[in-house]
Protein chains: 2
Amino acid sequence: MTSQQIPQRADWRRNRERLLAAAAEVVARDGASASLEEIARRAGLGSATLHRHFRSREALLTAVFHEGVERLAARGRELNETAGGGLAVWLEELTRYTATTRGLAVSLRPTVDDSGCHGMLADVAAELAATAVRAGRLRPEITVDDLLALANGIAIRAENDPELASRLLRIAISGVEPRT
Amino acid sequence: MTSQQIPQRADWRRNRERLLAAAAEVVARDGASASLEEIARRAGLGSATLHRHFRSREALLTAVFHEGVERLAARGRELNETAGGGLAVWLEELTRYTATTRGLAVSLRPTVDDSGCHGMLADVAAELAATAVRAGRLRPEITVDDLLALANGIAIRAENDPELASRLLRIAISGVEPRT
DNA sequence: CAGCCAAACGGGGTGGCCCCCCGTTTGTGC
DNA sequence: GCACAAACGGGGGGCCACCCCGTTTGGCTG
């Protein structure tokens, strides 16, 4: 998924794990703008090593969030089996999770080559959306990318506030006018 | 609105204008994270002077965007006189404008003391919302703050893409299900 | 088990940024 | 014009990203 070639030497793999563990801590505290130097320090490695392992801040963040994003994707596939395919439920879980996981929301913006976290979710989202359209619960002219962008915008804005994230997403899904 | 006391010496006012002009250029190019040093340099002033005029990045951004935000507020009051009070129209204009004015979306997040740009819009938004509720076009349990947060999240996400901003806002306003 | 060498490491340099201290200049009221 | 508060700005401290290049090390081979 990221720019990892054939893992080579043992120390290389060990250091990668150390870097990811340190990054997880620091990013959880400071968000996407965490200091790369501090991450390297905390891993007991030189900052050059960090840069060799992860060419960019984005590559590092992608690796840090990889597991959580996979879990979200799996959850989406699971929900897609339920009656009506729980698009709305999934979007809310997605938004809450990305809002409360510091730095993740920013990392979910699609990238030029789509090598980041976004690509991993786009597929599940598309399935859920298709099911929802079939069930008459999603207007067909709304694209998956727009749905994801909406959830992403809400998550960025509601960083650290899951209640706000849920509320905003529900408004966006049900609209603003009284139900007729 | 910002931390401006009684404007005192002539050079003080002159320098303030120079700083704001430089800031407008650089922020338009680089967004909210523009380099303060570059702004000072471009204004032909020392960076210490910039810090004396604007205690924080946020204070500077607030001043830079002041005029545009006032215009948005005025536009809101104007729309509030029309039939049904154009809440939806205003929200879309707001979102488009903040999405395309680099750095503004970030500056519109409410601040602790609410001395930033947000306060200037909260009042108009409240009027528009009240009118919309009376016209049966807004569920009363939706708060103004949530509406603004939603528009703000969309604008942050759709930075530099007015079409995306419009589309997302319309989805959020009309909801995701087919109109019954 | 030793020796070799590509792979991997990391100290430290470069250049940038923010923020502020404090000695210097300047505008203004008298 | 003069005195003095008001305002300025050079430059230092501390942090950061990024990268060069001399040094260490893992693991293969015989």
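To find a chain, count down the sequence lines: A is the first, B the second, and so on, and within it residues start at 1.
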Between B:Arg52 and A:Ser56, just flag the one whose closest nucleotide in DNA chain D comes earlier from the 5' side.
-> B:Arg52

Residues at least two apart in sequence or cross-chain that pass side chain to side chain contact (heavy atoms under 4.5 Å, CB included) with B:Ser35, listed by chain then number, are B:Glu37, B:Glu38

Atom-pair distance (CZ on B:Arg16; C1' on D:dC8), nearest Å = 17 Å

Which ILVMFWY residues are connected to A:Ile156, directly or by a chain of links, through side-chain heavy atoms under 4.5 Å apart?
-> B:Ile156

Would you be so kind as to tabulate the donor-acceptor pairs closer than 3.5 Å made by side chains of residues 44-51 of chain B, with sequence neighbours excluded?
none

Taking only residues two or more places apart in sequence or in another chain, which ones pass salt bridge (Lys or Arg N to Asp or Glu O under 4.0 Å) with A:Arg75?
-> A:Glu78, A:Glu93

List for me each residue that meets salt bridge (Lys or Arg N to Asp or Glu O under 4.0 Å) alongside B:Asp161, sequence neighbours excluded, and say none if there are none.
-> none

Would you mind reading off the distance between B:Phe54 atom CZ and C:dC19 atom P, rounded to a whole angstrom?
-> 14 Å

Ignoring hydrogens and angles, tell me if any N or O in the side chain of A:Trp90 forms a donor-acceptor pair with the backbone of A:Leu72 under 3.5 Å.
-> yes

When you measure from every atom of DNA chain D, which of residues 31-39 of chain B have a heavy atom less than 4.0 Å away?
-> none

Hits for side chain to side chain contact (heavy atoms under 4.5 Å, CB included) against A:Ser174, two or more places apart or cross-chain, chain-then-number order -> B:Arg139

Any side-chain N or O of B:Asn15 under 4.0 Å from OP1/OP2 of D:dC8?
-> yes

Just jot down the salt bridge (Lys or Arg N to Asp or Glu O under 4.0 Å) partners of A:Asp11, sequence neighbours excluded, or say none.
-> A:Arg9

For nucleotides 24-30 of chain C, which of its nitrogen or oxygen atoms have a protein nitrogen or oxygen under 3.5 Å away, and what is each distance?
residue, atom, partner, partner atom, Å
C:dT26, O2, B:Arg9, NH1, 3.3
C:dT26, O2, B:Arg9, NH2, 3.4
C:dG27, O4', B:Arg9, NH2, 3.3
C:dT28, OP1, B:Ala10, N, 2.9

Exam field: side chain B:Arg16 to backbone B:His53, donor-acceptor pair closer than 3.5 Å | no

Atom pair distance, as rounded to whole Å: CH2 in B:Trp12 and C1' in D:dC8 = 14 Å

Tell me, which of residues 40-51 of chain A have any heavy atom that sits under 4.0 Å from an atom in DNA chain C?
-> A:Leu45, A:Gly46, A:Ser47, A:Ala48, A:Thr49

By side chain to side chain contact (heavy atoms under 4.5 Å, CB included), B:Ala165 pairs with (sequence neighbours left out) B:Thr95, B:Ala99, B:Ala158

Salt bridge (Lys or Arg N to Asp or Glu O under 4.0 Å) partners for B:Arg52, two or more places apart = none

Would you kindly give the CG-to-P distance between A:Leu61 and D:dA17, to the nearest whole Å?
-> 12 Å

Nearest-Å distance for atom pair CZ/P, residues A:Arg55 and D:dC18 = 13 Å

Send over the distance from B:His53 NE2 to C:dC19 P, rounded to a whole Å.
-> 16 Å

